[in-house]
Protein chains: 2
Amino acid sequence: MTEESTSRDAAAAPPSGKERRAGARPTLADIAQAAGVTRMTVSNALNGRGGVSDDMRERIREIAREKGYVTNWVAKKLSDSRSGSETGIIGVIAEIHTPFMGEVVSAISGAVRDQGRDMLVYSLPDPGKSFPGNVLDLLLHAVDGVIAVIPRDTRDFHMLAAAGVPMVVVDPLKETIDMPSVAADSYGGACCAMRHLIELGHRKIAFLAGEARRLSAQERLRGYRDVLREAGLAYRAEYVVEAGFLPEPARPATEGLLALDDPPTAIFAGNDASALSAISTIEQAGLSVPEDISVVGFDDVSLASQARRGLTTIRQPFADIGAAAVQLLLDLRAGDPEAATRHITLPVELIRRETTAPPRGDGLRR
Amino acid sequence: MTEESTSRDAAAAPPSGKERRAGARPTLADIAQAAGVTRMTVSNALNGRGGVSDDMRERIREIAREKGYVTNWVAKKLSDSRSGSETGIIGVIAEIHTPFMGEVVSAISGAVRDQGRDMLVYSLPDPGKSFPGNVLDLLLHAVDGVIAVIPRDTRDFHMLAAAGVPMVVVDPLKETIDMPSVAADSYGGACCAMRHLIELGHRKIAFLAGEARRLSAQERLRGYRDVLREAGLAYRAEYVVEAGFLPEPARPATEGLLALDDPPTAIFAGNDASALSAISTIEQAGLSVPEDISVVGFDDVSLASQARRGLTTIRQPFADIGAAAVQLLLDLRAGDPEAATRHITLPVELIRRETTAPPRGDGLRR
DNA sequence: CTGAAAGCGCTAACAG
DNA sequence: CTGTTAGCGCTTTCAG
């Protein structure tokens, strides 16, 4: 009897009998049985692997379709682990809700797609908390590599790298200089922004400093100081205030600047978010930009050009950053020995728009 | 000769010998061997499953740590498939780069975390293209369910649902009304915005229509028309222009409105992105908001309050939307029969800020 | 061109 | 408390 039901897959008991528990997805075996062949044949047919006659393949495909078969990704991956094949998916760790990150993630998305891969984004949990284990494990086993955009917790981050996951960092932190990275030329951009302001005639230039952990923030500060010195201008501690690359802290920071006995005639903001916030603060104080105070940002997020007054800023080559990060990751994965210590810096560009002008009443260089 | 090199893995080269190929991650067996116990014991020890003496457990943990053991997520998942346990990971499909989506995704992120789960975001590829197979499969097998925020291609989307993946839609499309969904009360919000304008004395109100596929866009238009009627105002076709919920198309749309023989005194924009763009366009035309023209948005994305002139808008309860979506997904997964047809609509709220005022020279209702 | 055997790394279910 | 036996669903040998 049992024999029969096994050998016999032809006509009988379909309404119930042999079916798997409800909700279970059909497996290779199910459709093989229905087609009257082995699982291997089905596998070969479905994956276009050859060794199957054309009509058989067509027939199998048809059955698979109507049964709603989808290959079990997990099983496939486990099986493939022997031959070490790729999944075609790249993991991205980022905080997607800030404008800068958004631009970077979009760029990576495009680059990944150009390479015929795909990506999954993991948005970090609260600062200080480490990754939940399951996501970490998933990342460890389900993706070909990870691109991290400003990780909060570098511990897990190093852990991933130690476990052998190819990994590249965009806009690195102090703690991640030991990993391959991609970043825009923050120092060069800062110098460029500062020289622009100085050429316009500004002598009193403030700086809205960014998140200190980020190398880019440090580099921009360095550029600020160096150009000041190069122009023979003194560094004034009261002109450098923390704004953490965020709009909220930029507001009181700017107010503090305006309240100074000798307020600046220009502000170089560490990034666009703080620049936009600074402008809004200045205007609320009854002054205008750029007539009373010039402002330069950094990043050129899409918002910068959409603002009522186009923001003069330093453009980050987002598309190039994304492409470089993906390429670096692929090289790394391919075993390129030199890739592991590669740090790519991409050139930036000054975009002059409407928030910078010569300081008030300054016809001539004094 | 060749023979020799083949056979010769025996004694000679063995700085190592028994070790697995370099780069391979240690498995349960490896650490079991090192500890002199069985794989099961290690598994039990590492997963705190009981049945292991305390010092043995400690010893095993130590060995695992130094060997850099991490549990193979894929293998675990495959094994678990029998008992149908959860992964604790929720998939989110969205286009993360628009402000609205960003807010929604952030909100979902928070809600997911409150539930002790985590999420992975898949950002959609180009319109019209279907999901790449591997991501689809991954989603199918690696997550407990999927929350979709405005899918582009609903075909794959339905496919996922058909394959038995619990799924909820945020801000649904016409094509997805058959799936459980969560949305803000667009109709109510639109009515609210319109009444606000009318109470202020406006009689000539234009509408920047949103992306037509989205139910929310249709509902806002319906609210616009209904309130017009309710106030005894005529519907004027030239006052309703397409802006697709995006900043770029909103610009020419607004210019068209300003160029009308009888331009509106107020604009109700389908969302904040188009509202902000409209304001910028109006100001560039030498007019001012709200003195010459009032503008109301919809969404209350964080940008709305940061604008130089705070945007009057309809606030979406993002946090509630995220929480509701996650809860609905969990209910669905838990098998709640009624959840499959649940459509949740959340109340919205008018936020009066600085972009609305009575129309110029309108002291009295004429 | 198709079938049988073995195994990827892990865990549930019973033995000892 | 520890060890053994099976098997998740798929793929890579290697025969037929």
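Both backbone and side-chain heavy atoms feed into the values below; hydrogens, waters and symmetry mates do not. Letters A, B, ... mirror the listed sequences (proteins, then strands); counts begin at 1.
Side-chain atoms of A:Ser79 and base atoms of D:dC10 include a donor and an acceptor less than 3.5 Å apart.
Taking atom CG of residue A:Leu46 and atom P of nucleotide D:dC10, one finds them 10 Å apart after rounding to whole Å. For the pair A:Asp80 CG and D:dC10 P, the interatomic distance rounds to 12 Å; values are reported in whole Å. In this entry the distance linking CH2 of A:Trp73 with C1' of D:dT11 reads 15 Å, nearest Å. If you take NZ of A:Lys77 and C1' of D:dG9, they are 15 Å apart, rounded to a whole angstrom. Atom CD1 of A:Ile31 and atom P of D:dC10 are 10 Å apart (whole Å). Remark: C1' of D:dC10 and NE2 of A:His141 are 18 Å apart, rounded to the nearest angstrom. B:Leu28 places its CG atom 16 Å from the C1' atom of D:dC8, with the value rounded to the nearest Å.
No side-chain heavy atom of A:Leu136 sits less than 4.5 Å from a side-chain heavy atom of B:Trp73.
For B:Tyr69 and C:dC10, the shortest distance from a side-chain N or O to OP1 or OP2 is below 4.0 Å. Residue A:Lys76 has a polar side-chain atom (N or O) positioned under 4.0 Å from OP1 or OP2 of D:dT11. Regarding contacts with the backbone of D:dG9, every side-chain N or O of A:Arg25 stays at 4.0 angstrom or more from both OP1 and OP2.
For A:Leu78, whose side chain is taken as the heavy atoms from C-beta onward, the closest listed nucleotide among C:dT11, C:dC8, D:dC10 is C:dC8.
The pair B:Asp137-A:Lys76 does not count as a salt bridge, with every side-chain nitrogen at least 4.0 angstrom from each carboxylate oxygen. Under 4.0 Å is where a charged nitrogen must lie from a carboxylate oxygen, and between A:Asp331 and A:Arg342 at least one such pair does. A salt bridge between B:Glu62 and B:Arg65 is present, with a side-chain N of the basic residue lying under 4.0 Å from a carboxylate O of the acidic one. In summary, A:Asp118 and A:Arg113 engage in a salt bridge, as defined by a charged side-chain N under 4.0 Å from a carboxylate O.
Taking both residues in full, the closest heavy atoms of A:Asp144 and A:Pro166 are given as O-CG, 3.4 Å, listed atom of the first, atom of the second, then distance.
Counting any heavy atom pair closer than 4.0 Å across all strands shown, A:Arg57 reaches no nucleic acid atom.
Judged purely by atom type and a 3.5 angstrom limit, A:Asp336 uses its side chain to pair as donor or acceptor with the backbone of A:Glu338.
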(request) At under 4.0 Å between heavy atoms, which parts of nucleotides 1-6 of chain D does protein reach? Answer with one letter per nucleotide, 5' to 3': B base, S sugar-phosphate only, - none. (result) SBSB-B

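When the C1' atoms of four end pairs are superposed on the next four at each end of the helix from C:dC1-D:dG16 to C:dG16-D:dC1, using five pairs per end, the two resulting axes differ in direction by 40°, to 10°.
For the pairing with B:Val42, the side-chain contact (heavy atoms from CB on, under 4.5 Å) check across B:Leu28, B:Asn47, B:Val52 returns one residue only, B:Leu28.
Checked by atom type, the side-chain pair B:Arg57/B:Ser53 shows no donor-acceptor distance below 3.5 Å.
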